[in-house]
Amino acid sequence: MKRLSIAEALREAMREEMLRDERVFLIGEDIGIPQGFGGAFTVTLGLSDEFGHERVVDTPISEKAIVGAAVGAAMMGMRPIADVQYSDFLFCAADEIINQAAKMTYMSGGTVKVPMVLRAPVGATNRGAQHAQSPEGFFMHVPGWKVAVPATAYDAKGLLKTAVRDEGPVLIFEHKRLYGKGGRKEAGGLDLTSGIPDEDYCIPFGQAVVRREGADLTIVATLLMMHRSLAAADLLAQEGINIEVIDPRTLVPFDNETMLASVAKTGKLLIVEEDNLTGGWGAEVAARVADSGFDLLDAPIKRLASYDVPMPFAPVLENFVVPSVDRIIELARAMVKGKV
Amino acid sequence: MKRLSIAEALREAMREEMLRDERVFLIGEDIGIPQGFGGAFTVTLGLSDEFGHERVVDTPISEKAIVGAAVGAAMMGMRPIADVQYSDFLFCAADEIINQAAKMTYMSGGTVKVPMVLRAPVGATNRGAQHAQSPEGFFMHVPGWKVAVPATAYDAKGLLKTAVRDEGPVLIFEHKRLYGKGGRKEAGGLDLTSGIPDEDYCIPFGQAVVRREGADLTIVATLLMMHRSLAAADLLAQEGINIEVIDPRTLVPFDNETMLASVAKTGKLLIVEEDNLTGGWGAEVAARVADSGFDLLDAPIKRLASYDVPMPFAPVLENFVVPSVDRIIELARAMVKGKV
Amino acid sequence: MISPSTPPGLLLRMYRDMIRIRKFEEKVYLLFLEGKVLGTIHQYQGQEAVAVGVCSALRRNDCITSTHRPHGHCIAKGVPLDSMMAELFAKSTGCCKAKGGSMHMGDISVGAVPAIAIVAGGVTLAAGMGLAYKLQRSDRVVACFFGDGAVNEGAFHEGANLAAIKKLPVVFICENNFYAASTPMQLTTPVGIAERAAAYGIPGVVVDGNDVAAVYQATVTAVARARRGEGPTLIECQTYRTVGHSRGDAGTYRPKEEVELWKQRDPIERLRRSLIADGAAENEIAAIEAEADREIETAVAFAESSLPPQPEDALLHVYGEGVTP
Amino acid sequence: MISPSTPPGLLLRMYRDMIRIRKFEEKVYLLFLEGKVLGTIHQYQGQEAVAVGVCSALRRNDCITSTHRPHGHCIAKGVPLDSMMAELFAKSTGCCKAKGGSMHMGDISVGAVPAIAIVAGGVTLAAGMGLAYKLQRSDRVVACFFGDGAVNEGAFHEGANLAAIKKLPVVFICENNFYAASTPMQLTTPVGIAERAAAYGIPGVVVDGNDVAAVYQATVTAVARARRGEGPTLIECQTYRTVGHSRGDAGTYRPKEEVELWKQRDPIERLRRSLIADGAAENEIAAIEAEADREIETAVAFAESSLPPQPEDALLHVYGEGVTP
Ligand SMILES: Cc1ncc(C[n+]2csc(CCOP(=O)(O)OP(=O)(O)O)c2C)c(N)n1
Ligand SMILES: Cc1ncc(C[n+]2csc(CCOP(=O)(O)OP(=O)(O)O)c2C)c(N)n1
Ligand SMILES: [Mg+2]
Ligand SMILES: [Mg+2]
C-alpha cells in the first residue's frame, strides 16, 4: 500500500472524484496557475494540468465570490470544491457561508440542494493573528453545514470523498502543520503519512475513531491536538496512566455514542482543542456530556484550549497560547490523580 | 422616575453620550434620514435633528464599510456607535468584526485602541432565516470583543453608556421583541419599560443580576428568554417550585461567580437561549459549570435552545423552534422533580 | 408610450403578468392588514415592468435570483400564485412549504431560485449559476435582480467582477427605484449605476424601467450576448415603488410631488394606453384583468383552505442529506 | 530617468529611504535563511519607489494603512528599523511587542497603523480614519496601500465608495505589481485599476511606480485634494516585485524575461542615475548607502540583544480595558 501525506491524499481524492463525476470542479485562489502554487499549501498541484482551467477555476481574491459562486453552481447541479487559503478568510465570506449556503435548502422547503465542499486550512504557524485561527467551532454552530476535521491522510481522503458525494454543504478543516509527511518537530516528530488503499473508499460522517484505548481518562481531540494528545498519552503510559484518545473526525454530525461509551469506561473527560477556549467546539462537547453523560462522570469535565487571546506572532508566545504536549500531560495526569 | 422602553432608553443613552463627549458619533443605514426610520427599529429617531448629519452618519448598504469605518475612526480617537439593521448582517462584516476590530489592539502590542460600539438586533419575528438569528454565541467566542445583552431598558441604557466609555470594542445585542413598551403577547404580555433615574449611570460589565430568587433550580437566560424564564418561574411558583433566574447582562465578561453561587444553592442548572443549541453561548456556560461547578451539581446540566435548524418563517414553525414559556416550564419542572 | 418593435401578442402577455403582479400585491396588502399574511412584506407596485420585461426575455429553464422584494419577480417567472399565496399564509402548500415566507419566495421548478433577502446576496450566487451553465455547456442564462442599494455591497462587486472576468452568462438587473429603504440614492452612490459596468469591462445600459418593452428589448440583447458566451451586462432599470418600503412604511421621507410624478408614469397604465392605441380591444384587456382577479381569488381560497405545516416539520430540510457509502 | 521638478534635497532623502528599504529587505532575507527571522515574510524589493514616493508627500501625523507586505511602507513612514527588526526577531522590543510579526508591522506613533494582512482589509478602515479626521476638523489625511489583488475584494469596493460619497481625506494607493501571489492580474481584473475610480466618481491616475518622483507628485496632488475636503483619489502605481511573493517562492509562474525587464527598471538604480546626472556626488550617495548599512547593523544588533517576550505576555493587550464606572 502506498503511503501519502494529507496534502497528497486530498489531491488524490479530488482527482479521483473529478474523474468519477464530471460535475466536480475546483474553485479558489492560486489553485491552477501554471508553474504556480497549487493553492496556498500545494494541495491542488498538477490538477489544472490534468483537468484544464475550466475545471480548476482560478479566481480573483474574492472570498465572497468564491463561496457564493460555489453555492450558485451547486444549486445548478454542479459539485464545487471551493477553498480559501487560510481559514481566517472564511470570515470574509461569512454571509455566503452562514446566510446563504447553510439556509438555502431549508428556506426552499427542501427543493434546492447545495452540494458543495469548502476546504479551509487551520492552525497557528507563527504568522500572527490573521493567519492562525481554528474556527471550527463557529461553523459547527451553523445548522446546514456538516463539518469534517481529518487528522490523518487516510481520513482526509475518505472524508473528502464523502463530502463531495453529500447532497449538502460540507466544510473540511485541514491543519497546516499536518499537511506534510511529518517527522517535523512541530507535529510531534511523527510520521504523518497513512497507508492508502488502492480501491475507492469513503468514510461515513459521524463515526469517531478510538485512536488509543485506555481506562483512566478520555481525551477528545481533533487535528493537531489529536496528535499531541496521542503523544501525551504515550508518555503517560510510561507512568502507568492509560488514556483513551478519541478522534471525532467530524464535528457535524458528532459521534456522541463513541464518546459517551468511553466516558462510561473512564469516568473522566478532557477535551483538547486549538481554538481559543470560550465558545470553541469543546464547549459544545462538554455541554453534551454534562447533560447526557452526567451520571457517567466522576470528575469535572476539563477543557484544554488556546487561551482567549488573538494568536500572537512570536513563537514563544504562540507556544504558550496553544496547548502543548506538556500541558496535556500535566492536566491529564492531574485529572487521573484526582488533583483537579 | 420616568419609564422608558428599551428603544427609548438606548436613544437617551446615545443622546447623553453625544452631549457629554463630542467624539461619540453614530454610523449606520437609515439612521438619520429626515422623516425616515431612525434605524430599522426607531432607536436613533430624532438624533440627526439634534446633532446633524455629521454626527449621525447615514451610510450606503455596506456593512463592511460601516464596521470597518468604525474601527478606523475609533483608532483615530473617535467613539463610533455603529449598527447593523439585523444581527444576521453582522456576517456581512465578519472580517471587520473578527479579524480587524478584535485583533488590532493585540497585534499592535496594545498601542492602538478600538473604542467602538456595535449594536445589533436579534431574535426571530416571522421573517424567515435571514432576519432571525441570535448570534451572540459567535461573538462571545472572539477574544477582543465584550458582549452585552440587555434585557431591560434600565440595563440597556446603563450598558450602552459603559460600552461607549470602554477603551475596546463592545457588541450590544438588542432583542427585537423587547424594544417596545411591552404588553404584547410575544413578550409574555409584560410591561417592558423600566424606571430610569434622572442622573447619569453606567452598569459595570460582568455583573449578573438575580432576577428572581429560588432554591430549586437555577435558570440562566438572556434577552427574550430571560423574560420567558421569569414568566415560567412565576407559573411554577404556583406549584411550589422556586426557581432562581439569573440574567448575566454581559456574556463577555461573564459573571461566573453569581452563577456558581446560585448553583451552589440549587444544585441544578438550566440554560435557556434563543440561538440554536449546538455551539450557542449556553454551551460555554454549561462547560464552565461542568468544570468549576461540577461538585455543586446534583443533576445533569440542561440547555433549552432553538432547535438546530435555520429559523423557519411560519409562526407555527418558529414557535416550535424557539423555546416557549411552556417548554421552559416543562423542562424546569422535570428537572426539579428529578425526572430528567 | 412604450418602446416600439415588440410583438403585440407578447405585449398583451406582458400586460397580463403586470396586472397579475399589481393585483396580487394589492390583495396581499389587504390580507396583511387583515392579519392573514404575517411577518413582513416588501411590495412591488410601480415596478412591474421590470420583472415582466426581464422575465419575458428568458426561457423557462433560465433562472432568476431575487431579493427581499420578490413577489413581482416570482410571478413574472411563472411561480403559481396559489403556492405564493399559500406561502404568505404560512401554509404547508406554500412554494417554500412555509419555511421561506415573503422574503424567500421562489420555485426552482420554474427557474425562480428562492429569494435572497441579504441585500446583494444573490449576485455572487448568480455568478456561480452562470459558471455552472458554462461548465455544463448549456446555453442557459441567469437574470440577477437587485436594487439600487445593492450596488454598494461588496457582494455586488465581487460577483460582477467574477462574472465579467469569466464571461459568465449572467444578466444583472438593477431595479433603481432611487431609494434603499428610506435612503435616497444620491446619499450613497456617487455615480450612475450603469456607469459601474465600466469597472468590470461589461456593457452598462440605462433603461426606462416603467417601459416594459424597453426593459424587454434591453434584456433580449443582454441575454443574447450572454448565450453567445460574451459575458454579462448590467441593465439599470429606472423605476419607482409607489408604495412604502415594507409593510407599515408611509414613505414620509419622499417628497409627495415625486411620488405623484411617478404614479403618473405608472407602467401598467402606460402599457394599457399603448395597447389600446395599437388596436387592442378594451374588452380583451378587461378580460385579462378579470382573469387575474379570478386567479387571485382562487389563490386566496387555496391558501385559506390549505393546512399549516406540522410544528415538527421545522426539523426537516436542514441538510441536503448525506451519502451512505 | 525620473520625473522632473522634485526638489533635489527631497530626492536625496527619498533615495536614502529607498536604500534603507532595499538593504533592510536584503538583510531580512538572509536572516530568514539563517532562521533568525521566523514565520513568513513578504518582501518589498523592486517596489521601493511607491512607499517612499507616497510617504514623502505625507506629514508625520498623517497615517498610512498597510498590507501583508508592509516593511517598505513602515520604513518610508518612519518606523525605526530597530523596532522593526526586533519585531521580526520576535523580541519584546519589537514595534508590536512581538505580537504582530512581519505581516502586522506598524507603529502608530509615526502614523503607521499596524499592517492588515487580510487583502483589502485596510480600505474600509482607512475610510473610517478619514471620517475621523473630517469629524475632528483636522486636515490630516490617510494613505491606504493595497495591491492589485485587493481591488477585487468587496472591502475595496465598500471602502472606496464610502470614502467617495463622504468626500473623505483618503488617498488610495494601489501598488500594481501585476501579480497577486501567483495569479497574473489579467486573469482576475477585466479593466485597468485606475479605471475603477470612475465607479466612485473620484480621480483615478496611473503612474510609473518605479519613478519615485512621479509617485511623489501624484500623491502631492491627491493629498492636497484630500486636505481641501474634496475627497479621495485612486493612484495606481505600476511596479514589480523582483522577488518571490513570500519566503520560499521562486516565482516560477512569471516569465524570466519579464522579471529581467523589470530588474532593468529598478527604481533605485533609476533614481541614482538621475541624481548623478543632476549633479549629486558619488561619495554623497556612497555615504547614504554606508549609513543605511550601519543603521541596519545596529538594528540587527539591537534585535539580537533584545529579550524575547515572557510567555505570559501573550495574555496582555486583548482588550482596550474598560471603565470602572
Ligand atoms: C446586507 C443587508 N443589509 C441591510 C438589509 C436591510 N434592508 C433590507 S431592504 C433594504 C433596502 C434595499 O434597497 P434596494 O437595494 O434599493 O432595494 P429596494 O428595497 O429599493 O427594492 C435594506 C437596507 C438587508 N436586508 N441586507
Ligand atoms: C482576504 C485574503 N485572501 C487571501 C489572502 C492570501 N494572500 C495573501 S497576499 C495575496 C496576494 C495579494 O496580492 P496583491 O494584493 O496584488 O498584493 P502583493 O502581494 O502583490 O503585494 C493573497 C492571495 C489574504 N491574505 N487575505
Ligand atoms: Mg431601491
Ligand atoms: Mg500584486
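All chains are named by letter (A, B, ...) in the order of the sequence lines, taking the proteins before the strands, and each is independently numbered beginning at 1.
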K.L.:
At a 4.5 Å cut-off on heavy atoms, which part of D:Leu88 comes close to chain A: side chain, backbone, both, or neither?
P.N.:
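Just its backbone gets close to chain A.
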K.L.:
Please name all residues satisfying side chain to side chain contact (heavy atoms under 4.5 Å, CB included) with A:Ala82, sequence neighbours left out, ordered by chain then number.
P.N.:
A:Ile27, A:Ile66, A:Ala70, A:Leu118
K.L.:
Of the backbone (N, CA, C, O) and the side chain (C-beta and beyond), which part of A:Phe313 lies under 4.5 Å from a heavy atom of chain D, both, or neither?
P.N.:
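Contact with chain D: backbone and side chain both.
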K.L.:
Pick one of side chain, backbone, both or neither for D:Leu316, based on which atoms fall under 4.5 Å of a heavy atom in chain A.
P.N.:
neither
K.L.:
Checking A:Val321 against chain D: side chain, backbone, both or neither under 4.5 Å from a heavy atom?
P.N.:
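Side chain of A:Val321 only, per the 4.5 Å heavy-atom cut-off to chain D.
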K.L.:
Could you work out, with salt bridge (Lys or Arg N to Asp or Glu O under 4.0 Å) as the rule, every residue matching A:Arg119, not counting sequence neighbours?
P.N.:
A:Glu174
K.L.:
Less than 4.5 Å apart, any side-chain heavy atom of A:Pro60 and any of D:Val151?
P.N.:
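When only atoms from C-beta onward are counted, D:Val151 and A:Pro60 do not touch, as no gap falls below 4.5 Å.
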K.L.:
Tell me which of these, D:Ala155, D:Gly101, D:Pro311, D:Gly39, has more heavy-atom pairs under 4.5 Å with chain A than the rest.
P.N.:
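It is D:Pro311.
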K.L.:
Of all the heavy-atom pairs spanning A:Phe320 and D:Ala314, show the shortest one and how long it is.
P.N.:
CD2-CB, 3.8 Å
K.L.:
Do you know which two heavy atoms are closest between D:Ala98 and A:Leu317, and how far apart they sit?
P.N.:
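Shortest heavy-atom contact: O-CD1, 3.9 Å.
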K.L.:
When you scan chain A against chain D, which donor-acceptor pairs turn up at less than 3.5 Å?
P.N.:
residue  : atom : partner  : partner atom : Å
A:Asp30  : OD1  : D:Ser182 : N            : 2.9
A:Asp30  : OD1  : D:Ser182 : OG           : 2.7
A:Asp30  : OD1  : D:Thr183 : N            : 3.2
A:Asp30  : OD1  : D:Thr183 : OG1          : 2.6
A:Gln35  : O    : D:Thr252 : OG1          : 2.8
A:Ser62  : OG   : D:Asn152 : O            : 2.9
A:Gln130 : OE1  : D:Ala117 : N            : 2.8
A:Gln130 : OE1  : D:Ile118 : N            : 3.3
A:Phe313 : N    : D:Lys99  : O            : 3.1
A:Ala314 : N    : D:Ala98  : O            : 3.0

K.L.:
Taking side chain as everything from C-beta outward and backbone as N, CA, C, O, which of these in A:Phe89 sits under 4.5 Å from a heavy atom of chain D? Side chain, backbone, both or neither.
P.N.:
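Only the side chain of A:Phe89 comes within 4.5 Å of chain D.
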K.L.:
For A:Glu273, what residues pass the salt bridge (Lys or Arg N to Asp or Glu O under 4.0 Å) criterion, not counting sequence neighbours?
P.N.:
none
